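All values below come from the heavy atoms of this structure, side chains included, with hydrogens, waters and symmetry mates left out. None of these values were measured; they are calculated from a predicted model.
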Amino acid sequence: MTKDQQPTTTLWSGRFDTAPDAAAFEFGASFRFDRRLFEDDVTGSLAWARALAKAGALSADEARQIAGALTAMLERGRAEASFIDGPDEDVHSFVERLLVEKLGDAGRRLHTGRSRNEQVSLDLRLYLRRRTPALQRAVAGVVDALAAQAAAAGDALMPSFTHFRPAQPVLVAHFFLSHAAPLRRDFARLAAARDEADALPLGSGAIAGTAYAIDVNALAADLGFARIVDNSMDASSDRDFAATFLYACAMTMVHLSRMAEDFIIFCGDEHRFFELSDALSTGSSMMPQKKNPDPLELVRGKAGRAIGHLMALLTTIKGLPTGYNKDLQEDKEAVFGAEDTLAGCLAVVRSVVNGLTLNRAATASAASGLLLATDVADYLVGRGVPFRRAHEIVGALVRTLHQAGRDFESMTFDEWRAASELFEPDVVARVRPGASVEAKRTPQSTAPGAVAARLADVRQWLASL
Ligand code: ARG
């Protein structure tokens with residue numbers, strides 16, 4: 001049978017007196033994309049054959065034949081991707097057709113007591129359990145790159161922003177670690193998604209369970225599942241685990257997108273805080289001066305896709321009546337699409353972060369000036385002034401300086417005294433970006449000791465993985 005031929009029999013042809021409409025068959029087929037589940041489908045079938053034999057539904061000889069044929073198929077499929085191809089409706093039909101072609105009736109016994117409804121759920125759960133750790137490792141790879149930049153930045157200062165207006169000085173290291181923190185949450189979210197997928201659906205049958213004495217706990221142990229599902233009716237249409245995975249991917253993409261946006265801005269001519277490596281920038285076909293951050297823009301753009309995959313699946317499942325419905329076939333392209341998008345973005349973001357060069361002069365000069373106003377107010381609070389009153393005094397001072405195009409560092413001591421009698425000569429040393437970060441006291445702050453401790457924690461976490 002060549003791949004452009006429609007199979008003359010389907011898994012359900014006994015019920016019908018005509019062959020399926022070619023276009024409708026093609027429309028309903030999922031083999032084009034669910035071939036990615038080949039390994040999982042065979043793994044699941046190997047375990048199912050063992051369970052059937054234990055239940056007395058297969059003879060020991062048939063079970064041996066099935067195991068041999070499936071193992072050979074798995075090896076061939078792993079070695080030769082083009083082998084996983086044919087006119088079949090889906091990967092389950094493909095595997096079964098090959099088995100029957102090879103073994104005849106022994107192959108025809110494999111589907112005893114089993115439904116594709118539970119099989120497809122099993123395959124997707126096995127797939128996510130197998131593939132999610134690679135995404136987690138890639139997330140950790142970006143965290144590693146951010147930690148390396150944080151370490152390299154040392155005591156370099158930069159401005160932080162609120163409302164995208166300069167706010168307070170921070171360590172450049174603190175900024176890098178501010179992007180590591182959400183990625184560590186994403187890592188945990190992916191782990192939780194993997195755990196949610198880690199339940200055996202086999203034994204659910206098409207919806208009501210199975211009439212064969214399958215020891216599902218032994219089968220779960222055989223396939224390495226942490227537990228079995230609670231309810232066969234729920235299991236036949238539960239795709240919560242896929243949605244949880246898509247949420248973890250979408251959230252990670254949101255974080256990568258926001259990081260990309262920060263670097264697009266901070267590498268731009270207006271800031272020049274960092275320089276993008278040439279290898280990860282693009283030029284313009286017309287404007288010779290341009291150095292564009294295309295990879296970062298694409299990461300930002302692709303976040304839309306990942307969010308879209310989550311929305312698509314939630315929308316697909318929201319109106320389904322209990323039990324398997326073919327709508328659920330839409331889950332796979334969402335899962336694979338989100339996985340591919342995230343994997344690609346994590347790799348490129350890691351390279352971009354590794355390739356950044358810090359422009360210390362630019363970040364230091366931008367970290368100074370009127371964004372020290374909070375430190376001036378804190379100085380007065382230290383002299384007993386209520387904070388609201390200090391805020392007013394400093395606000396008036398900022399207004400005067402701003403109008404004159406000046407900042408605190410240009411002020412003479414007489415000028416400080418004119419603003420308030422409470423200023424002493426030490427105000428000059430205290431109102432500096434370096435002093436501002438050193439004055440912070442909390443563990444999550446930009447104080448150099450706190451940042452060093454957080455960096456050590458990130459490194460310890462990376463080493464523990
Ligand atoms: N290709 C199908 C899917 O992805 C497999 C399950 C088919 N089950 C069925 N009753 N038609 O959902």
Novice: Judged by modelled atom types alone, do Glu118 and Ser115 share a side-chain donor-acceptor pair under 3.5 Å?
Specialist: no

Novice: Take atom OH in Tyr212; do more than 12 heavy atoms of anything else shown fall under 6.0 Å from it?
Specialist: no

Novice: Do you know the tightest heavy-atom contact between Ala306 and Cys249?
Specialist: CB-O, 4.5 Å

Novice: Is it the case that the side chains of His255 and Arg258 hold a donor-acceptor pair, with the cut-off being a distance below 3.5 Å and no angle test?
Specialist: no

Novice: So do the side chains of Val229 and Asp234 get within less than 4.5 Å of each other, counting heavy atoms only?
Specialist: no

Novice: Under a 3.5 Å cutoff, is there a donor and acceptor pairing between the side chains of Arg114 and Ser45?
Specialist: yes

Novice: Can a donor-acceptor pair be found between the side chains of Asn354 and Ser351 at a distance below 3.5 Å?
Specialist: no

Novice: Just verifying a value: how many Å separate Lys332 NZ and Asp123 CG, rounded to the nearest 0.5 Å?
Specialist: 8.5 Å

Novice: Relative to each other, are the rings of His271 and Phe164 parallel, tilted or perpendicular (30° and 60° limits)?
Specialist: tilted

Novice: Please find the pair of heavy atoms, one from Ser160 and one from Val170, that lie closest to each other, and give the distance.
Specialist: CB-CG1, 3.8 Å

Novice: Below 6.0 angstrom between ring centroids: does that apply to Phe94 and Phe31?
Specialist: yes

Novice: Could you check whether atom CG of Asn231 has more than 12 heavy atoms from other residues, nucleotides or ligands sitting under 6.0 Å from it?
Specialist: yes

Novice: Have a look at Asp198 and tell me which of Arg125, Arg130, Arg227, Arg129 forms a salt bridge (charged side-chain N to carboxylate O under 4.0 Å, His left out) with it.
Specialist: Arg129

Novice: Any side-chain heavy atom of Glu39 sitting closer than 4.5 Å to one from Leu74?
Specialist: yes

Novice: Kindly assign one of parallel, tilted or perpendicular to the pair Phe274 and Phe266, based on the angle between their ring planes and the thresholds 30° and 60°.
Specialist: tilted

Novice: Does atom CZ of Arg360 have more than 12 heavy-atom neighbours, drawn from other residues, nucleotides or ligands, at distances under 6.0 Å?
Specialist: yes

Novice: In terms of heavy-atom contacts, does CD of Gln460 have more than 12 from other residues, nucleotides or ligands at under 6.0 Å?
Specialist: no

Novice: Run Asp222 and Lys54 through salt bridge (Lys or Arg N to Asp or Glu O under 4.0 Å) and show every step you take.
Specialist: CA-CA 12 Å; Asp222 187 6; Lys54 273 180 39 183; over 6 Å; no

Novice: Please indicate whether Asn292 has more than 12 foreign heavy atoms, meaning atoms of other residues, nucleotides or ligands, lying under 6.0 Å from its CG.
Specialist: yes

Novice: Start with the C-alpha distance between Glu96 and Arg116, add both sets of side-chain angles, then the distance that settles salt bridge (Lys or Arg N to Asp or Glu O under 4.0 Å), and finish with yes or no.
Specialist: CA-CA 11 Å; Glu96 196 170 326; Arg116 273 190 299 163; over 6 Å; no

Novice: More than 12 non-hydrogen atoms from neighbouring residues, nucleotides or ligands closer than 6.0 Å to NZ on Lys290, yes or no?
Specialist: no

Novice: So Asn359 and Glu275, do their side chains get closer than 4.5 Å, heavy atoms only?
Specialist: no

Novice: If we count only N and O atoms by modelled type, under 3.5 Å, do the side chains of Asp41 and Gln119 hold a donor and an acceptor together?
Specialist: yes

Novice: Without hydrogens or angle criteria, can the side chains of Thr244 and Glu196 be said to hold a donor-acceptor pair below 3.5 Å?
Specialist: yes

Novice: Any chance NZ of Lys326 has more than 12 other-residue heavy atoms, nucleotides or ligands included, within less than 6.0 Å?
Specialist: yes

